[in-house]
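Let me begin by presenting the structure, written as structure tokens, before commenting on it.
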Amino acid sequence: MSRNKIVQDTDSDALLSKFAAERAGYYHDPLLKLFLPSNIDPAHVHKLPLFNRGTYVRVMAVSKLIDQFLSTTSDTKKQIISLGAGSDTRPFYLLPKFRSNLIYHELDFAVSARQKAELVAKHAVLKDAIPGPVEYDVHTPDLPQRPRRWSAARSFVPSREPASQSGHGPHHLHSSGSINTHPGHNSLSQAQNPHGFETPLKSPSYYIHGVDLRHLVTPASVQLPGIDFSLPTLLVSECCLCYLEPDASDAVLAAFIKAFTSPSSSSQLGIVSYEPFSSDDQFGKVMIHNLAIRGISIPTMMAFPTLQAQVARLRGLGFKAAAAGDLKYVHDWWINGDEMQKIDALELLDEREEFDLLVAHYGIYWCSTVPESDSSDYKFEGPFGGWNDFPRQI
Ligand SMILES: C[S@@+](CC[C@H](N)C(=O)[O-])C[C@H]1O[C@@H](n2cnc3c(N)ncnc32)[C@H](O)[C@@H]1O
């Protein structure tokens, strides 16, 4: 199996973990089941309590930071750019709430992006969550297709094939895991523009872009359709950039930072990032070994083995205010008494020590490019100001 396919499949792992935690009652996300592959019986999706609780902390932490960004200076229009969005359901809850005050972009490999666009087209509950008219560039029966002139304007340039994400051997963007299961799917919908991306779904406030993030390495290359460089913007990387080589993910982040902070755009960019780290300890080594058995490598785990190392890296790239906590810290400090009582009652957590060790190897980082106006390193300003209220480990 190609390395790209393995990385794409990590979305199914995330989805199943989230679905299992949802089924166990940790949170309410009725849309998740729509994303389950047809060969999965929802009734048989179970995970151990320690994994369910860990997934709950992950989802809760990322969601709280996003919600706070959207709620601070709530009358200001804002933008979210989700890197490696996979089957994330957040846009379908946030778009109806913030409507014309939010533009939401989801980026993932072309094959995954098309799959999501097809799913949105198929389910009214997803489609109806998107304000304004929606245009699809995927071919499914009964779908309104883009006007012919749009397609004709596109060029039939094959996708660029950069070195594999881990640096091992070639990868095949379209070689496996194709979603081309619809009888009417034609080559038009697979055509890519000269910059190597496609946008299988677009609306005034929601875009799904199919792109290999490793192509987004210059301010010009991050100018995907609909991205507004004048809006306060939040990048979200929920377990995505960690799959890129550190140089590659640095280049992606640097390109976005430059595009948003150049004198012509001079907007503000924040990031919420979630990823594992090794801690340079035995548990971290076992995690890396277990992933390697499945062909998965997470290069940033070793390159930035601690919260401090990752924060220093993000600061070095241009994020001026930066804070972080591992999931154990977030579990202990972000969940109020009532909520903790609720989750304690859901399942018996026998493996408390193992849980503590596991969640201490996952970090949440929240950073912004807004320069600090006082001496505090951690003071968030402007649309990110609400983040000052979140307890931080660093
Ligand atoms: C572990 S999944 C996480 C999905 C989602 N963010 C979540 O947390 O549920 C990682 C996602 O990142 C995407 N991804 C990884 N490397 C990528 C790249 N170079 N270009 C585009 N997408 C990428 C994968 O396809 C996958 O959907």
Side-chain angles (χ1 to χ4, degrees), residues 8-23 25-45 55 59 62-63 66 80-100 102-146 177-186 188-190 198-211 225-226 236 238 240:
Q8 284 151 16
D9 284 352
T10 61
D11 178 51
S12 306
D13 297 340
L15 174 64
L16 288 180
S17 298
K18 290 179 178 184
F19 185 71
E22 205 267 350
R23 273 197 80 215
Y26 287 84
Y27 49 81
H28 188 57
D29 184 351
L31 298 178
L32 274 176
K33 63 176 176 307
L34 303 179
F35 290 81
L36 288 180
S38 53
N39 61 342
I40 298 283
D41 179 353
H44 290 124
V45 180
T55 301
V59 172
V62 174
S63 293
I66 293 176
I80 290 177
I81 302 175
S82 177
L83 308 176
S87 308
D88 191 14
T89 54
R90 286 189 186 91
F92 309 106
Y93 296 106
L94 295 175
L95 284 166
K97 192 168 164 201
F98 292 92
R99 301 195 68 81
S100 58
L102 172 63
I103 302 184
Y104 208 120
H105 295 268
E106 296 203 297
L107 280 53
D108 210 304
F109 284 109
V111 68
S112 312
R114 277 184 232 133
Q115 204 164 14
K116 192 162 193 175
E118 290 187 359
L119 211 75
V120 174
K122 193 170 144 199
H123 294 287
V125 63
L126 301 179
K127 209 172 14 181
D128 294 348
I130 305 168
V134 181
E135 289 177 47
Y136 303 92
D137 194 16
V138 287
H139 187 92
T140 55
D142 310 326
L143 264 190
Q145 293 295 297
R146 275 186 184 174
S178 167
I179 56 151
N180 190 0
T181 51
H182 299 277
H185 198 100
N186 60 30
L188 262 190
S189 60
Q190 297 206 5
E198 55 186 277
T199 301
L201 185 155
K202 64 192 271 189
S203 79
S205 49
Y206 179 50
Y207 295 78
I208 300 181
H209 304 285
V211 63
V236 176
E238 186 178 356
C240 169

Under 3.5 Å donor-acceptor, Tyr26 side chain and Lys18 backbone: no
Pair Arg114 + Glu198: basic N to acidic O under 4.0 Å: yes
The reported gap from OG in Ser87 to CG in Leu15 (rounded to nearest 0.5 angstrom) is 4.5 Å
Once rounded to the nearest 0.5 Å, what's the spacing between atom NZ of Lys202 and atom NE2 of His209? 9.0 Å
Lys116 (side chain) donor-acceptor with Asp88 (main chain) under 3.5 angstrom: yes
Nearest-0.5 Å distance, CG of residue Leu34 to CG of residue Asp29: 9.0 Å
Is there a side-chain contact between Lys127 and Tyr136 (heavy atoms, below 4.5 Å)? yes
Glu106 side, atom CD; Leu83 side, atom CG - distance, nearest 0.5 Å: 10.5 Å
Kindly write out the residues that satisfy side chain to side chain donor-acceptor pair (under 3.5 Å) with Asp128, not counting sequence neighbours, or none if the list is empty. none
Ala43 backbone acceptor or donor facing Arg23 side chain under 3.5 Å: yes
Leu201 CG to Leu119 CG distance, which is reported to the nearest 0.5 Å: 11.0 Å
Aromatic centroids of Phe92 and Tyr206 separated by under 6.0 Å: yes
Can any side-chain N or O of His105 pair as donor or acceptor with the backbone N or O of Gly226 at less than 3.5 Å? yes
Check whether any side-chain heavy atom of Pro42 lies under 4.5 Å from a side-chain heavy atom of Leu36, and answer yes or no. yes
Are any of the side-chain heavy atoms of Val236 and Tyr104 separated by less than 4.5 Å? no
Measuring from atom CG of Leu102 to atom CG of Leu95, what distance do you get when rounded to the nearest 0.5 angstrom? 5.0 Å
